[in-house]
Amino acid sequence: MLLQRLAAVSDQMLLSQTKVIRGHQNQMEAEMVLHLYEIDKRGIYRDAGYSSLFAYCHLELGFSEGAAGRRVRAARTLEATPEIYELIRDGKLTLTALSEVAPVMTVDNKAEVLEAVKGASKREAVKVAVALGAPEKPR
């Protein structure tokens, strides 16, 4: 029954609705990062019984270790680089790309770095990070 729910929807409508859902997903991801930033700032993950924001994301929210790590990194990047909220919300920046470049992003280069990784794949973001001095990762 569930799998048949969309069977009568036209191809064009299905494609259109999927894009709308993706937009909502980006908006929710940006909100998640914003909420995690505030949870981290207040340290209230400890009040919830967790030793770190990462543990809270992984154990309480059920994110995989990699997904939790990307969200924690994004949340901690938000204070120095608040423009990432809009970029994530608008689907122009992925948490994966941000996670790769955040360690080498500075106040002086952040505009250039963010421009370089808009719409970038992980591989492209790694190249940007390495060009800025990040160590190369083994393949």
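All values below were derived from every heavy atom in this structure, side-chain atoms included, with hydrogens, water molecules and symmetry-related copies excluded. Along the sequence shown, residues are numbered consecutively beginning with 1.
The CG atom of L87 sits 9.0 Å away from the CD atom of E115 when rounded to the nearest 0.5 Å. Distance check: N26 CG to I21 CD1 gives 12.5 Å after rounding to the nearest 0.5 Å. Summarising the geometry, atom CG belonging to D47 is positioned 10.5 Å from atom CZ belonging to R42; distances are rounded to the nearest 0.5 Å.
A salt bridge is defined here as a Lys NZ or Arg NE, NH1 or NH2 lying under 4.0 Å from an Asp or Glu carboxylate O, and E79 with R76 fails to meet this definition. A salt bridge links K110 with E83: the closest approach of a Lys/Arg side-chain nitrogen to an acidic carboxylate oxygen falls below 4.0 angstrom.
Between K122 and S99, every side-chain heavy-atom pair lies at or beyond the 4.5 Å cut-off.
Hydrophobic clustering, with ILVMFWY side chains joined whenever heavy atoms are under 4.5 angstrom apart, groups M105 together with V117. No chain of hydrophobic side-chain contacts below 4.5 Å, direct or via other Ile, Leu, Val, Met, Phe, Trp or Tyr residues, connects L34 to Y56. Follow the hydrophobic side-chain contacts under 4.5 Å out from V126 and you never reach L114; the two are in separate clusters. Taken together through direct or relayed side-chain contacts under 4.5 Å among Ile, Leu, Val, Met, Phe, Trp and Tyr, V130 and V113 form parts of separate hydrophobic clusters. Linking ILVMFWY side-chain heavy atoms closer than 4.5 Å, directly or via other members, places I39 and L61 in a single hydrophobic cluster.
The residue from R71, R89, K92, R22 that alone fulfils the salt bridge (charged side-chain N to carboxylate O under 4.0 Å, His left out) condition with E29 is R71. A side chain to side chain contact (heavy atoms under 4.5 Å, CB included) with L132 is found for one member of V101, N109, T106 and no other, namely N109.
Between A74 and L95, the shortest heavy-atom contact is CB-CD2, 3.8 Å. Residues A125 and A120 approach most closely at N-CB, 4.3 Å, considering heavy atoms. Between V104 and G133 the shortest heavy-atom distance is CG1-C, 4.4 Å. In plain terms, the two heavy atoms of D40 and Y45 that are nearest each other are OD1-CE2, 3.5 Å. The two residues C57 and V72 come nearest to each other via the heavy atoms SG-CG2, 4.1 Å. The minimum heavy-atom distance linking F63 with H58 is given by the pair O-ND1, 2.7 Å.
Within 6.0 Å of NZ in K118 there are more than 12 heavy atoms belonging to other residues, nucleotides or ligands. Within a 6.0 Å sphere centred on CD of Q17, heavy atoms belonging to other residues, nucleotides or ligands number more than 12. In this structure, D11 places its CG atom where only 12 or fewer heavy-atom neighbours from other residues, nucleotides or ligands lie under 6.0 Å away.
For T81 (side chain) and I84 (main-chain N/O), no donor-acceptor pair under 3.5 Å exists by modelled atom type. Using a distance-only test at 3.5 Å, with no hydrogens or angles considered, a donor-acceptor pair links the side chain of E124 to the main chain of S121. Of the possible donor and acceptor atoms, one in the side chain of T18 sits under 3.5 Å from a partner among the backbone N and O of L14.
Judged purely by distance below 3.5 Å, without hydrogens or angles, the side chains of E31 and Y85 pair a donor atom with an acceptor atom.
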L36 vs L78, side chain to side chain contact (heavy atoms under 4.5 Å, CB included): CA-CA, chis, key distance, verdict: CA-CA 10 Å; L36 292 175; L78 191 60; over 6 Å; no
Derivation of the side chain to side chain contact (heavy atoms under 4.5 Å, CB included) call for L98 and R70: CA-CA 8 Å; L98 177 61; R70 287 186 294 276; over 6 Å; no
